[in-house]
Amino acid sequence: MNGITRELIYSPGTQASPLLAALLADPLCNLHERDGNLLQKGEIGLFQSVIMDFFQEYGREFPWRSTTDPYQVLLSELMLQQTQTERVLPKYTEFIERWPDFTAMDAAPFSEILALWKGLGYNRRALALKKIARQAVVSYSGSLPQDLSLLLKLPMVGPATAAAIRAFSWNLPSLYLETNIRRVLIYFFFDAAESINDRELYLLLKELLPPEDPKSWYYALMDYGVFLKKMIKNPNRRSAHYTRQPGFENSNRQIRGQILTVFTESGKATRKDLYRYLSFSEERVDACLNSLMDEGFIAAADAAAAESEPVYMLKEIQ
DNA sequence: ATCCCGGTGA
DNA sequence: TCACCGGGAT
């Protein structure tokens, strides 16, 4: 309860807003029918109690929540970027069983990593995982640095992932703002406001962070945010940063995915092979293959004879 | 067909 | 600030 006792919550001198009073009585109260009540200044301790009470009763359990191993935390956070927990769950388990630490991941063939990654999407994360494993082994004794600025130097590790690694590996008090937490903050503290900037949310997040156990606090906030999402239309649409993706069908993302599938299944291929397998124009296939080469997914296989057509394959990362 | 989910590079 | 990256669920 973060030092907040029942007595304090219900003491006569404590004025709870109507929303908070309802939540204190029943954390699952009919939230989507509330009418514009915001949490008030001075209710932070009470808000923390509501969230932590909810967590004790309804908190979710995940394999990545029962470990403090930086490797397992990093793996889960990379997978959870833009990817829901249900889809991550089986993949995470497979990865941990097959490559249980940075050393194993460092030694793994990239083609196998990418093949197992299939289904999660955003394959650049698999590339980043491989590169981070190398750095962990070479520079960090098979672990990760605790320092925020060092974490931010790792590929595909931005503010959210770095904060998550610090909180979930070492329970260090970072500011962790991701989509479920953003939803909770917007819902409780910004009511009908539109175009809410993350800068404001970070300031609020800092005020709300309990002095102890940020790890449980962030688990609790996320779980409450997931609950909220089931109850109401997504408040994150009022975030200044909310965007929709264009459709997947007939997108470059689809072409890239199909190209990588050809390589994980066939090993090697020429451009003509790709034209045959994929039902997209040669120009689009060429452009996607080129960008995949630029990003380090694919390389030419050996030095082909000058007159023969180049053969491509997945690049081995080291 | 629409929704959802962080980081990068320009 | 903006476009881009991958799918699965519904």
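Keep in mind that this is a model prediction, so the values were computed, not measured. Proteins come first, then strands; the chains are lettered A, B, ... in the order of their sequence lines, and each starts at number 1.
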Practice problem: Go through residues 160-173 of chain A and report each residue with a non-hydrogen atom lying under 4.0 Å from DNA chain B, sorted by number. | Solution: A:Ala160, A:Thr161
Quiz prompt | Whole-Å gap separating P (C:dA9) and NZ (A:Lys91) | solution = 12 Å
Quiz prompt | Separation of B:dC3 C1' from A:Lys233 NZ (nearest whole Å) | solution = 12 Å
Practice problem: Return the value, rounded to whole Å, for the distance between atom CD of A:Glu77 and atom C1' of B:dG7. | Solution: 13 Å
Quiz item: Which residues satisfy the side-chain hydrogen bond (donor to acceptor under 3.5 Å, both in side chains) test with A:Arg284, sequence neighbours excluded?
Solution: A:Asn250, A:Asn252
Quiz prompt | Rounded distance (Å) that lies between atom P of C:dG7 and atom CD of A:Gln258 | solution = 9 Å
Quiz item: Which residue pairs pass the ring pair (Phe, Tyr, Trp, His ring centres under 6.0 Å) test with at least one member in residues 83-117 of chain A, sequence neighbours excluded?
Solution: A:Trp64-A:Tyr92, A:Tyr71-A:Phe102, A:Phe95-A:Trp99, A:Phe95-A:Trp117
Quiz item: So what does A:Arg183 hit on the nucleic acid, given a heavy-atom distance under 4.0 Å: a base, only sugar-phosphate, or nothing?
Solution: sugar-phosphate
Quiz item: Taking the side chain from A:Arg238 and the backbone from A:Ile196, do they hold a donor-acceptor pair closer than 3.5 Å?
Solution: no
Quiz prompt | Option among A:Phe54, A:Tyr224, A:Phe168 that satisfies the ring-ring contact (aromatic ring centres under 6.0 Å, His included) test with A:Tyr219 | solution = A:Phe168
Self-check item: Residues within residues 240-256 of chain A bordering DNA chain C, heavy-atom distance below 4.0 Å
Solution: A:Gln245, A:Phe248, A:Asn252, A:Arg253, A:Arg256
Quiz item: Which pairs, with at least one residue in residues 157-168 of chain A and sequence neighbours excluded, count as a side chain to side chain donor-acceptor pair (under 3.5 Å)?
Solution: A:Gln81-A:Thr161, A:Arg166-A:Ser174
Quiz item: In whole angstrom, what separates A:Gln81's CD from C:dC5's C1'?
Solution: 11 Å
Quiz item: Hey, does A:Met313 have a side-chain heavy atom less than 4.5 Å from the side chain of A:Ile298?
Solution: no
Identify all pairs in which a protein N or O lies below 3.5 Å from an N or O of nucleotides 8-10 of chain B, and state each distance.
| from | atom 1 | to | atom 2 | distance (Å) |
| --- | --- | --- | --- | --- |
| B:dT8 | OP1 | A:Met156 | N | 2.9 |

Exercise. State, with a plain yes or no, whether a side-chain heavy atom of A:Tyr312 is found less than 4.5 Å away from one of A:Thr270.
Key: no
Quiz item: How many angstroms lie between atom OG of A:Ser195 and atom CZ of A:Phe190, to the nearest 0.5 angstrom?
Solution: 11.5 Å
Quiz prompt | Separation of atom CG in A:Leu228 from atom P in B:dC4, rounded to whole Å | solution = 13 Å
Quiz prompt | Spacing of A:Asn236 atom CG relative to B:dC3 atom P, expressed in whole Å | solution = 14 Å
Exercise. List the steps and the verdict of ring-ring contact (aromatic ring centres under 6.0 Å, His included) for A:Phe189 and A:Phe47.
Key: CA-CA 11 Å; A:Phe189 294 92; A:Phe47 173 70; 5.2 Å; yes
Exercise. Using only heavy-atom distances, determine whether the side chains of A:Asp147 and A:Ser149 contain a donor-acceptor pair under 3.5 Å.
Key: yes
Self-check item: Distance, nearest 0.5 Å, that separates CZ of A:Arg237 from CD1 of A:Ile186
Solution: 12.5 Å
Quiz item: Which residue, A:Leu260 or A:Glu86, contacts DNA chain C at a nucleotide closer to its 5' end, judged by nearest heavy atom?
Solution: A:Leu260
Practice problem: Give A:Thr83 one of three labels, base, sugar-phosphate or nothing, depending on what nucleic acid heavy atoms sit under 4.0 Å from its own. | Solution: base
Quiz item: Could you give the NZ-to-C1' distance, from A:Lys229 to C:dT10, as a whole number of Å?
Solution: 11 Å
Self-check item: Side-chain N or O of A:Asn234 closer than 4.0 Å to phosphate OP1/OP2 of B:dC4
Solution: yes
Quiz item: A:Val285 and A:Phe248: same hydrophobic cluster, using ILVMFWY side-chain contacts below 4.5 Å?
Solution: no
